[in-house]
There are 2 protein chains.
Amino acid sequence: MAKVVRTIERLPKRERHQLLGSLIDDNPFITDQELTRQLKVSIQTVRLDRLELGIPELRERMKLMAERSYDPVRSLPLDEVIGDIVDLQLDHSGISLFEIKEEHVFSRTGIARGHHVFAQANSLAVAVINDEIALTATADIRFVRQVKLGEKCIAKAYVRSISGGRSKAKVEVFSYVSDEMVFQGSFLIYRSAGETVIEGGMDGADRN
Amino acid sequence: MAKVVRTIERLPKRERHQLLGSLIDDNPFITDQELTRQLKVSIQTVRLDRLELGIPELRERMKLMAERSYDPVRSLPLDEVIGDIVDLQLDHSGISLFEIKEEHVFSRTGIARGHHVFAQANSLAVAVINDEIALTATADIRFVRQVKLGEKCIAKAYVRSISGGRSKAKVEVFSYVSDEMVFQGSFLIYRSAGETVIEGGMDGADRN
DNA sequence: ATACTTGTTAGTACCTGGTTATAATAGCTG
DNA sequence: CAGCTATTATAACCAGGTACTAACAAGTAT
């Protein structure tokens, strides 16, 4: 009888911790009582598990959420770069991904609002410029077709020229949903060539 | 002795209710204990007051905030129109105001990120078109000078032409900080002329 | 076999921030 | 004076925990 009996219901600790994490993750309002039922262990075990995993009690979780949403300088999804940059060759090209979610669409039609698609492209155009400060000067953009809820937008940026004593760069950005082009933009980016302070620009990007 | 004695500290009920309301309003995380101290009445009175005013207990307040911020379709400040529309003459012109706050700037420099200024202009260009659905087709934009934290951006939109069987409109938008122009954009907006479904556009606007 | 360790469960005391109900008191009013 | 409102007090109870102590089962080491 060296074999583990393991009632079907009962998971090993590791897996239980995983499950507990994801349960709380997709319902932060769950009580220990409910977790007890779902995990088929005692409430003490649930509490020890939370302790081990550093998961605070229900009320603390709610308080944290409330405080975060009350924070006036909360980091909007617009904070640094719109979209996830998956490839970046400075001064040459870059790729970013951006998934269209509920909060990006016009609720009545499910069509993404233009400035989100623009923001992704603009962010990428600025990011691809290898400089301390990069500011969008002008942009010529075209929304080729609408992008809908749930679609994944792939933006590809190409640096076309570095002119004017390295103070300007032209960047072209094409955004796709699968193979279809949905957006095209031509950006003129000012850069801080050395310590030159530039007038008439917007946006910035860090280099690290 | 018909005169009310009224200790300086103690307010009449009405005023206390007002004060209580505003205290909770600008610090939703305040407990009855703290209210007791600030209002100089017993905790029972505080609780009776909350009862009368229909203000839930601290934990309920936090829960409501947490739930609201957890709501997947939460109305971000990006939801409908960026900026406050202060004047709108459909198919002719419009004005909107937008104040640059912490969350709109690049933290290192305090310079507004381009897509916010674009978003204001784009929203206004779409809003000024008198139609059920209006979608940005193309835009030619220019960031004339950077906009900084705390500045108020005034966008003015003018409908320049209504062409192509009422299916396209050209809208020009100029954004100013005081008298200085900071942004200029030329938008081509597709509209749903009757029931025509348009391809290759973005964004929408309601009419009510 | 015995001791030690880990995992789990149980039980108790205590905490915060309240609710609900009941009663006592003060002060004014008709 | 009775009747009313406003306020305060007191006590029981609740949810959803924390903190601690104890007990037991199973596996591992000695």
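Reminder, nothing fancy here: chain letters follow the sequence lines and each chain counts from 1.
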Got a donor-acceptor pair under 3.5 Å from the side chain of B:R59 to the base of C:dT16? yes
A:L35 CG to C:dT8 P, in whole Å, measures 15 Å
So what does B:L48 hit on the nucleic acid, given a heavy-atom distance under 4.0 Å: a base, only sugar-phosphate, or nothing? base
Could you state the CD-C1' distance from B:E57 to D:dC13, rounded to the nearest angstrom? 14 Å
If you draw a 6.0 Å radius around CZ in A:R142, do more than 12 non-hydrogen atoms from other residues or ligands fall strictly inside? no
Side-chain N or O of A:R16 versus OP1/OP2 of C:dT8: is the shortest distance under 4.0 Å? yes
From the options D:dG17, D:dT8, D:dA6, select the nucleotide whose nearest atom is closest to the side chain of B:K13. D:dA6
Among B:L51, B:T45, B:I43, which residue satisfies the side-chain contact (heavy atoms from CB on, under 4.5 Å) criterion with B:R47? B:I43
Taking the side chain of A:D32 as heavy atoms from C-beta outward, which of C:dG7, D:dG17, C:dG17 is closest to it? D:dG17
Is A:K13 salt-bridged to A:E52, cutoff N-O under 4.0 Å? yes
Cation-pi geometry met for A:K63 and B:F29 (6.0 Å, 45°): no
Do any side-chain nitrogens or oxygens of B:R50 fall under 4.0 Å of OP1 or OP2 in C:dT19? yes
A:L58 CG to D:dT18 C1': how many Å, rounded? 14 Å
Please confirm whether the shortest side-chain N or O distance from B:T45 to OP1 or OP2 of D:dT7 is below 4.0 Å. no
Between B:R61 and A:Q44, who's closer to the 5' end of DNA chain C by nearest nucleotide? A:Q44
Identified side-chain contact (heavy atoms from CB on, under 4.5 Å) counterpart of A:S96 within the set A:V173, A:L124, A:I154, A:V128: A:L124
Given C:dG17, D:dT18, D:dG16, the nucleotide with the shortest approach to the side chain of A:T31: D:dG16
Whole angstrom is fine here: how far is it from CG in B:L51 over to P in C:dA21? 11 Å
Nearest listed nucleotide, side chain of B:S42, among C:dT19, D:dA9, D:dT18: D:dA9
